Amino acid sequence: MSTHLESMRNHWWWRPGWREGRRFYTWHLTFDGQDDVHRLAADYRAALAPLGPDDFTLIPDQWLHLTMQGVGFVDETDTETVDAIVAAAHQRLAHVPAFLLQLGPGTVVDPEAILLPAQPAEPVHAVRNAIRAAIGDVLSDVPEKETGFRPHVSVAYSAGDGPMAPVARTVAASPVTPALAPISSAELIVLGRDRQMYEWESYATVRLG
């Protein structure tokens, strides 16, 4: 386990551009039907439950995700553009092989979340690079930075401000077995965060080659 030497802070502040009711197109890896990932998340929910709901938002199975690449806010992005990006993604991702992803070990206690590193990172980067290339096939500028991407899955978000040490002790005292997840597709979703949870509707699922 690793930690940043900071205090916990509330993850649910409104980031630039976000407001209640606004939705965002973004690409994720999602884990519907991934029983081993759900088992791992349940282990963390049980371990973190004593910290209390005022301190942590525990992520239910249906909203587990690996954030990949944003496209744009729904009210600023027309559906013709989105559909063209999806079509380009079908072409690009057809050349990226499916792979087996491992979540954990090495839990990271971040100031705003508890993260599980996703390994190996290289095939996740390959998927993201293909998606960025697909966006670049349609748009002159690809949103978000290419660098600094760290593949991970969050199992909980900090819902308040406070010391990090008790959280780190709780996580360290609750070792869990890493999970394996076969990844065969990437999903374009319509994301919202009105209820202190990342919730979405699927727009398109694109299979890997």
Side-chain angles (χ1 to χ4, degrees), residues 1-24 26-70 101-119 121 124 144 148-181 187 189-202:
M1 183 191 71
S2 63
T3 63
H4 298 282
L5 299 179
E6 300 181 43
S7 297
M8 304 303 296
R9 58 178 181 263
N10 191 343
H11 177 79
W12 298 112
W13 58 281
W14 289 107
R15 285 156 172 77
W18 280 96
R19 60 178 181 270
E20 187 173 355
R22 205 171 196 200
R23 298 292 182 266
F24 188 72
T26 184
W27 291 89
H28 280 12
L29 301 183
T30 59
F31 299 98
D32 184 38
Q34 298 275 11
D35 291 343
D36 201 28
V37 176
H38 298 172
R39 182 269 311 163
L40 178 62
D43 290 344
Y44 273 100
R45 287 193 293 267
L48 295 169
L51 295 175
D54 292 337
D55 294 321
F56 275 92
T57 303
L58 306 179
I59 304 173
D61 292 343
Q62 72 185 109
W63 303 129
L64 294 167
H65 61 277
L66 194 160
T67 301
M68 295 290 289
Q69 171 66 44
L101 188 68
Q102 178 174 300
L103 303 182
T107 312
V108 175
V109 181
D110 180 87
E112 293 191 11
I114 295 177
L115 315 175
L116 300 179
Q119 305 169 69
V124 184
E144 303 179 357
F149 174 68
R150 295 181 303 150
H152 67 271
V153 173
S154 298
V155 293
Y157 293 107
S158 179
D161 302 329
M164 182 178 285
V167 181
R169 287 196 297 267
T170 297
V171 172
S174 307
V176 294
T177 303
L180 295 175
E187 191 167 5
I189 63 174
V190 181
L191 182 71
R193 45 167 293 167
D194 293 349
R195 300 185 294 179
Q196 295 199 349
M197 182 69 66
Y198 291 109
E199 301 170 307
W200 61 81
E201 296 178 357
S202 178

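What you see is a predicted model; the values in this text were computed from it and never measured. Numbering of residues begins at 1 and proceeds along the displayed sequence.
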Open item on the list: Given the ring of Trp200, does Arg23 sit roughly above its face, with NZ or CZ under 6.0 Å from the centre of the six-membered ring and within 45° of the axis?
Closed with: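 Because its charged atom misses either the 6.0 Å distance or the 45° angle limit, Arg23 does not stack over Trp200.
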Mind checking whether [X] and [Y] have side chains closer than 4.5 Å, heavy atoms only?
X      : Y      : value
Ser158 : Arg9   : no
Phe149 : Val124 : yes
Thr177 : Leu40  : no

List the atom of [X], the atom of [Y], and the distance in Å for their closest heavy-atom pair.
X      : Y      : answer
Asp36  : Leu180 : OD2-N, 2.8 Å
Glu20  : Asp194 : CA-OD1, 3.5 Å
Gln119 : Gly104 : NE2-O, 3.3 Å
Leu58  : Met197 : O-CE, 3.8 Å
Val108 : Pro117 : CG2-CG, 4.3 Å
Met8   : Phe56  : CE-CZ, 3.7 Å

Separation between [atom1] of [X] and [atom2] of [Y], rounded to the nearest 0.5 Å:
X      : Y      : atom1 : atom2 : result
Leu66  : Trp27  : CG    : CH2   : 14.5 Å
Trp14  : Arg22  : CH2   : CZ    : 11.0 Å
Arg150 : Asp110 : CZ    : CG    : 6.5 Å
Asp55  : Thr170 : CG    : OG1   : 10.0 Å
Trp18  : Trp12  : CH2   : CH2   : 10.0 Å
Gln62  : Thr30  : CD    : OG1   : 11.5 Å

Task: Contacts of type side-chain hydrogen bond (donor to acceptor under 3.5 Å, both in side chains), residue Arg195, not counting sequence neighbours - done: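 Arg195 satisfies side-chain hydrogen bond (donor to acceptor under 3.5 Å, both in side chains) with Glu199 only.
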Task: Geometric class of the His65/Tyr198 ring pair [parallel <30°, tilted 30-60°, perpendicular >60°] - done: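 Rings of Tyr198 and His65: perpendicular, over 60°.
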Quick one: does any side-chain atom of [X] pair with a main-chain N or O of [Y] as donor and acceptor, under 3.5 Å?
X      : Y      : result
Thr107 : Leu116 : no
Asp161 : Asn10  : yes
Glu144 : Gly70  : yes

TODO: Give the C-alpha distance, both sets of side-chain angles, the deciding distance and a yes or no for salt bridge (charged side-chain N to carboxylate O under 4.0 Å, His left out) between Arg39 and Asp43.
DONE: CA-CA 6 Å; Arg39 182 269 311 163; Asp43 290 344; 3.4 Å; yes
Task: Other residues, nucleotides, ligands: >12 heavy atoms within 6.0 Å of Asp32 CG - done: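 No.
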Open item on the list: Applying side-chain contact (heavy atoms from CB on, under 4.5 Å) to Leu115 and Val153, what does each step give before you reach the verdict?
Closed with: CA-CA 6 Å; Leu115 315 175; Val153 173; over 6 Å; no
TODO: Not counting sequence neighbours, which residues clear side-chain contact (heavy atoms from CB on, under 4.5 Å) with Val37? List them please.
DONE: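 Once residues adjacent in sequence are excluded, the partners of Val37 under the side-chain contact (heavy atoms from CB on, under 4.5 Å) criterion are Phe31, Gln34, Leu64, Leu103, Ala179, Ala181.
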TODO: Would you kindly say whether Gln196 and Thr57 are connected by a side-chain donor-acceptor distance under 3.5 Å?
DONE: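 Their side chains do not contain a donor-acceptor pair, so the 3.5 Å distance test is not met.
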